[in-house]
Engineer: 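Before we start, here is the structure in question, set down as structure tokens.
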Number of protein chains: 2
Amino acid sequence: MNDTFKALSDPTRRKILQLLKEKDMSAGDIADQFNISKPSISHHLNILKQARLVQDERQGQNIIYSINLTVMQEAMGWFLGMIGTKGESTHDE
Amino acid sequence: MNDTFKALSDPTRRKILQLLKEKDMSAGDIADQFNISKPSISHHLNILKQARLVQDERQGQNIIYSINLTVMQEAMGWFLGMIGTKGESTHDE
DNA sequence: TTGATATTTAGATAATCATCTAAATCTTAT
DNA sequence: ATAAGATTTAGATGATTATCTAAATATCAA
């Protein structure tokens, strides 16, 4: 969960996720959307990958990235737990 | 929104929010829950405050912190937007 | 196999961040 | 007014991070 939030804390990485929400994209196509070097984007993609927020698959010369909505939902679960009735305990009592 | 995610990226700050979800607490009582100096906790509280994730109010010698669920809900809205049907565009077309 | 394209890895650097101690501020009680 | 308690501010330090350029790896095409 910490990796997830750390990964989401950078605006470039959040924008990458928003791009991948629309459609799967190659690393190069993703990099073209930013004024940042390709190695830096590769680094961001790696952080997203370690957090399992994205998956990658090689297709010929390209590596295609796609979003992992399952992990996104898990993160949203954290918010749901927080927004539950104020003062409500996590465990039954 | 960036301030929000930045604020949420630290585990100590997330734990503070979980404490405040249960009940409002003074800065000192919050600090007692961690093996971290009071000034450091004060710093974390300030970051949460700038992100408007918490509010504070002085009560005598103490300063009482409370969670701001509205901002939490806004952050969750970002996730809802992400989890919408894959490939679905934000604007109508 | 050689060359071109796509992507990552390595290594360096400047900026940001979490943390600490010491000192300052604010409030209450004597 | 002074002392005590609660909290924050100031300033410093070590760790993490985002970024870059240069070099390495992998795939495809000729």
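Protein chains get the first letters and strands the later ones, always in sequence-line order, with residue 1 at the start of each.
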Engineer: Counting primed atoms plus P, OP1 and OP2 as sugar-phosphate and everything else as base, spell out the protein contacts along nucleotides 21-30 of chain D at 4.0 Å heavy-atom distance: B, S or - for each nucleotide, 5' to 3'.
Structural biologist: BB---SBS--

Engineer: Specify the separation, in whole Å, of atom CG of B:Asn62 and atom C1' of C:dT25.
Structural biologist: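 In whole Å, C:dT25 C1' and B:Asn62 CG are 15 Å from each other.
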
Engineer: Could you give the CD1-to-C1' distance, from B:Ile63 to D:dT8, as a whole number of Å?
Structural biologist: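 For the pair B:Ile63 CD1 and D:dT8 C1', the rounded distance is 8 Å.
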
Engineer: Short of 4.0 Å, heavy atom to strand atom, which residues of residues 1-18 of chain A count as contacting DNA chain C?
Structural biologist: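 Contacting residues: none.
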
Engineer: Considering residues at least two apart in sequence or located in another chain, which fulfil the side chain to side chain contact (heavy atoms under 4.5 Å, CB included) criterion with A:Gln59?
Structural biologist: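 With sequence neighbours excluded, A:Gln59 shows a side chain to side chain contact (heavy atoms under 4.5 Å, CB included) to A:Glu57, A:Ile64, given in chain and number order.
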
Engineer: In whole angstrom, give the distance that lies between atom CD1 of B:Ile41 and atom C1' of C:dC20.
Structural biologist: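 After rounding, the reported distance stands at 13 Å.
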
Engineer: To the nearest Å, give me how far apart CG (B:Asp32) and C1' (D:dT7) are.
Structural biologist: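 So the two atoms are 13 Å apart, to the nearest Å.
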
Engineer: A:Asn2 and B:Arg14: side chain to side chain contact (heavy atoms under 4.5 Å, CB included), yes or no, with the steps?
Structural biologist: CA-CA 10 Å; A:Asn2 196 38; B:Arg14 288 198 304 277; 2.9 Å; yes

Engineer: Would you say the side-chain atoms of A:Arg58 pair up with the backbone N or O of A:Ile63, donor to acceptor, closer than 3.5 Å?
Structural biologist: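 Flag not set: sc A:Arg58 to bb A:Ile63 has no pair under 3.5 Å.
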
Engineer: Start with the C-alpha distance between A:Ile47 and A:Asp10, add both sets of side-chain angles, then the distance that settles side chain to side chain contact (heavy atoms under 4.5 Å, CB included), and finish with yes or no.
Structural biologist: CA-CA 10 Å; A:Ile47 288 171; A:Asp10 183 88; over 6 Å; no

Engineer: Students often get this wrong, so: under 4.0 angstrom with heavy atoms, is B:Phe34 touching a base, only sugar-phosphate, or nothing?
Structural biologist: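 No contact.
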
Engineer: Looking at residues at least two apart in the chain, or sitting in another chain, which of them share a side chain to side chain contact (heavy atoms under 4.5 Å, CB included) with B:Gln50?
Structural biologist: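 Scan of B:Gln50 (side chain to side chain contact (heavy atoms under 4.5 Å, CB included), adjacent residues dropped) gives B:Asn46.
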
Engineer: For the pair B:Arg13 (side chain) and B:Lys6 (backbone), establish whether a donor and an acceptor sit closer than 3.5 Å, ignoring hydrogens and angles.
Structural biologist: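 Yes; judged by distance alone, with no hydrogens or angles, the pair exists.
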
Engineer: Holding to side chain to side chain contact (heavy atoms under 4.5 Å, CB included), I want the full list of residues that pass it with B:Gln33, two or more places apart in sequence or in another chain.
Structural biologist: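 Listed in chain order: B:Leu19, B:Met25.
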
Engineer: Does any pair with a residue in residues 31-58 of chain B pass ring-ring contact (aromatic ring centres under 6.0 Å, His included), and if so which ones, sequence neighbours excluded?
Structural biologist: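 Sorted pair list comes back empty.
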
Engineer: Kindly state each residue pair satisfying ring-ring contact (aromatic ring centres under 6.0 Å, His included) with at least one member in residues 48-69 of chain B, sequence neighbours excluded.
Structural biologist: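 For residues 48-69 of chain B, and leaving out neighbouring residues, there are no ring-ring contact (aromatic ring centres under 6.0 Å, His included) pairs at all.
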
Engineer: What's the CD1-P distance between A:Ile30 and C:dT8, to the nearest Å?
Structural biologist: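 To the nearest whole Å, that distance equals 9 Å.
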
Engineer: Can you name the side chain to side chain contact (heavy atoms under 4.5 Å, CB included) partners of A:Leu17, sequence neighbours left out?
Structural biologist: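 In terms of side chain to side chain contact (heavy atoms under 4.5 Å, CB included), with neighbours along the sequence ignored, A:Leu17 is linked to A:Leu8, A:Leu48, A:Leu53, A:Val54, A:Ile67, A:Met72, B:Trp78, B:Met82.
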
Engineer: Could you tell me if the side chain of B:Glu74 sits less than 4.5 Å from the side chain of B:Thr4, heavy atoms only?
Structural biologist: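 No, their side chains stay 4.5 Å or more apart.
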
Engineer: Would you mind listing every salt bridge (Lys or Arg N to Asp or Glu O under 4.0 Å) that reaches into residues 30-39 of chain A, with sequence neighbours excluded?
Structural biologist: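 As it turns out, the salt bridge (Lys or Arg N to Asp or Glu O under 4.0 Å) pairs with a partner in residues 30-39 of chain A, which skip direct neighbours, are A:Asp32-A:Lys38.
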
Engineer: Quick one: A:Met25 CE to C:dT7 C1', roughly how many Å, whole number?
Structural biologist: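 Interatomic distance, CE of A:Met25 to C1' of C:dT7: 15 Å.
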
Engineer: Expected output is a numbered-order residue list: members of residues 43-56 of chain B with a heavy atom under 4.0 Å from any atom of DNA chain C. What is it?
Structural biologist: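 Residues of residues 43-56 of chain B that come under 4.0 Å of DNA chain C are, in numerical order, B:His43, B:His44, B:Ile47.
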
Engineer: Give every pair of a protein N or O atom and an N or O atom of nucleotides 11-14 of chain D that lie under 3.5 Å apart, one pair per line with the distance.
Structural biologist:
none

Engineer: Going by side chain to side chain donor-acceptor pair (under 3.5 Å), name the residues that satisfy it together with B:Asp56, two or more places apart in sequence or in a different chain.
Structural biologist: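 Partners of B:Asp56 by the side chain to side chain donor-acceptor pair (under 3.5 Å) criterion, ordered by chain and then number, come out as B:Lys49.
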
Engineer: Among A:Asp29, A:Ile30, A:Asp24, which residue meets the side-chain contact (heavy atoms from CB on, under 4.5 Å) test with A:Ser26?
Structural biologist: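 It is A:Asp29; the other options fail the test.
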
Engineer: Tell me whether the OP1 or OP2 atom of C:dA6 has a side-chain N or O from A:Ser26 closer than 4.0 Å.
Structural biologist: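 No, outside the criterion.
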
Engineer: Report yes if at least one side-chain N or O of B:Tyr65 is closer than 4.0 Å to OP1 or OP2 of D:dT8; otherwise report no.
Structural biologist: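 Checking D:dT8 against B:Tyr65, a side-chain N or O does come within under 4.0 Å of OP1 or OP2.
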
